[in-house]
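Step one of this worksheet: look at the structure below.
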Amino acid sequence: MNYWLFKTEPDAFSFDDLLQAPNQTEIWDGVRNYQARNLMRDDIKKGDLVFFYHSRIPEPAIVGIGKIAKAGYPDHTALDPNSKYFDAKSEEKGESRWVMVDIKAYRRLKRVVTLKEVKEVSDLAEMKLVQKGQRLSIQPVSEYEWKIICELGGVTKL
DNA sequence: GCCAACGTTGGC
DNA sequence: GCCAACGTTGGC
């Protein structure tokens, strides 16, 4: 079992949107960064748990937990000329060079854990989230960090 | 293969 | 909305 953190701008797609999706499951498409893609392709497995992080808002925060419902598979939006995620290079090749996963809502945190709080906890100082210049939209989270944040979020039992 | 120009991310 | 930090692109 591995743990991850996915960033999203809630104006575009929020944890509430995931809760309201059919079967509370949605494709995680549109990732166009090689590092993030490689994590989805190689390391993210069905059943892994994911912190849902809301970025680019006045108080960025971890708000919920999702579970990987389907491991990495080709992101077909790269081949769809009508998609905002269309990728000409994938089309040239005839196959998508990008990867997506399916994620299912699992648990809302009882309390959101803000970026500010994460920065204040010395045991979380190593988290990618709080490293300077870290923009990766999909990040690994250690089991230790996972537990601390669950505790801060009021989630004691998964 | 270098690197300037450009585009994106995301906290503030 | 600004802008620093990054990632990608493409001419050479």
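Every chain is numbered from 1, with letters handed out A, B, ... down the list of sequences.
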Distance-only donor-acceptor hits, side chain of residues 61-76 of chain A, under 3.5 Å, sequence neighbours excluded:
{"residue": "A:Tyr73", "atom": "OH", "partner": "A:Asp102", "partner atom": "OD1", "Å": "2.6"}
{"residue": "A:Asp75", "atom": "OD1", "partner": "A:Thr77", "partner atom": "N", "Å": "3.0"}
{"residue": "A:Asp75", "atom": "OD1", "partner": "A:Thr77", "partner atom": "OG1", "Å": "2.5"}
{"residue": "A:Asp75", "atom": "OD2", "partner": "A:Gly30", "partner atom": "N", "Å": "2.9"}
{"residue": "A:Asp75", "atom": "OD2", "partner": "A:Arg32", "partner atom": "NH1", "Å": "2.9"}
{"residue": "A:Asp75", "atom": "OD2", "partner": "A:Arg32", "partner atom": "NH2", "Å": "3.4"}
{"residue": "A:Asp75", "atom": "OD2", "partner": "A:Thr77", "partner atom": "OG1", "Å": "3.4"}

Exercise. Residues from residues 8-18 of chain A sitting under 4.0 Å of DNA chain C, heavy atoms only?
Worked result: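 The stretch gives none, as no residue of it lies under 4.0 Å from the strand.
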
Problem set entry | Ion pair check, A:Glu143 and A:Lys147, cut-off under 4.0 Å |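 Between A:Lys147 and A:Glu143 there is a salt bridge, with a charged N closer than 4.0 Å to a carboxylate O.
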
Problem set entry | Aromatic ring proximity, centroids under 6.0 angstrom, A:Phe6 and A:Trp28 | yes

Exercise. Would you say the ring centroid of A:Trp98 lies under 6.0 angstrom from that of A:Tyr85?
Worked result: no

Exercise. Hey, are the side chains of A:Thr156 and A:Cys150 touching, using non-hydrogen atoms and a 4.5 Å cut-off?
Worked result: no

Distances for protein N or O near nucleotides 6-12 of chain C N or O, under 3.5 Å:
{"residue": "C:dC6", "atom": "OP1", "partner": "A:Lys132", "partner atom": "O", "Å": "3.2"}
{"residue": "C:dC6", "atom": "O2", "partner": "A:Arg135", "partner atom": "NH1", "Å": "2.8"}
{"residue": "C:dC6", "atom": "O2", "partner": "A:Arg135", "partner atom": "NH2", "Å": "2.8"}
{"residue": "C:dG7", "atom": "O4'", "partner": "A:Arg135", "partner atom": "NH2", "Å": "3.3"}

For this session: Ignoring hydrogens and angles, state whether a donor on the side chain of A:Ser83 or A:Asp80 is under 3.5 Å from an acceptor on the partner side chain.
Result: no

For this session: Check the hydrophobic clustering (I, L, V, M, F, W, Y; side-chain heavy atoms under 4.5 Å; chains of links allowed) and say if A:Ile138 and A:Phe13 are grouped together.
Result: yes

For this session: Quick one: label A:Lys116 by what it contacts on the DNA or RNA (base, sugar-phosphate, nothing), any heavy atom closer than 4.0 Å.
Result: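 Nothing: the residue A:Lys116, judged by heavy atoms under 4.0 Å, touches no strand.
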
Exercise. So A:Arg41 and A:Tyr34, side chain to side chain donor-acceptor pair (under 3.5 Å) or not? Walk me through it.
Worked result: CA-CA 10 Å; A:Arg41 189 187 59 193; A:Tyr34 283 110; over 6 Å; no

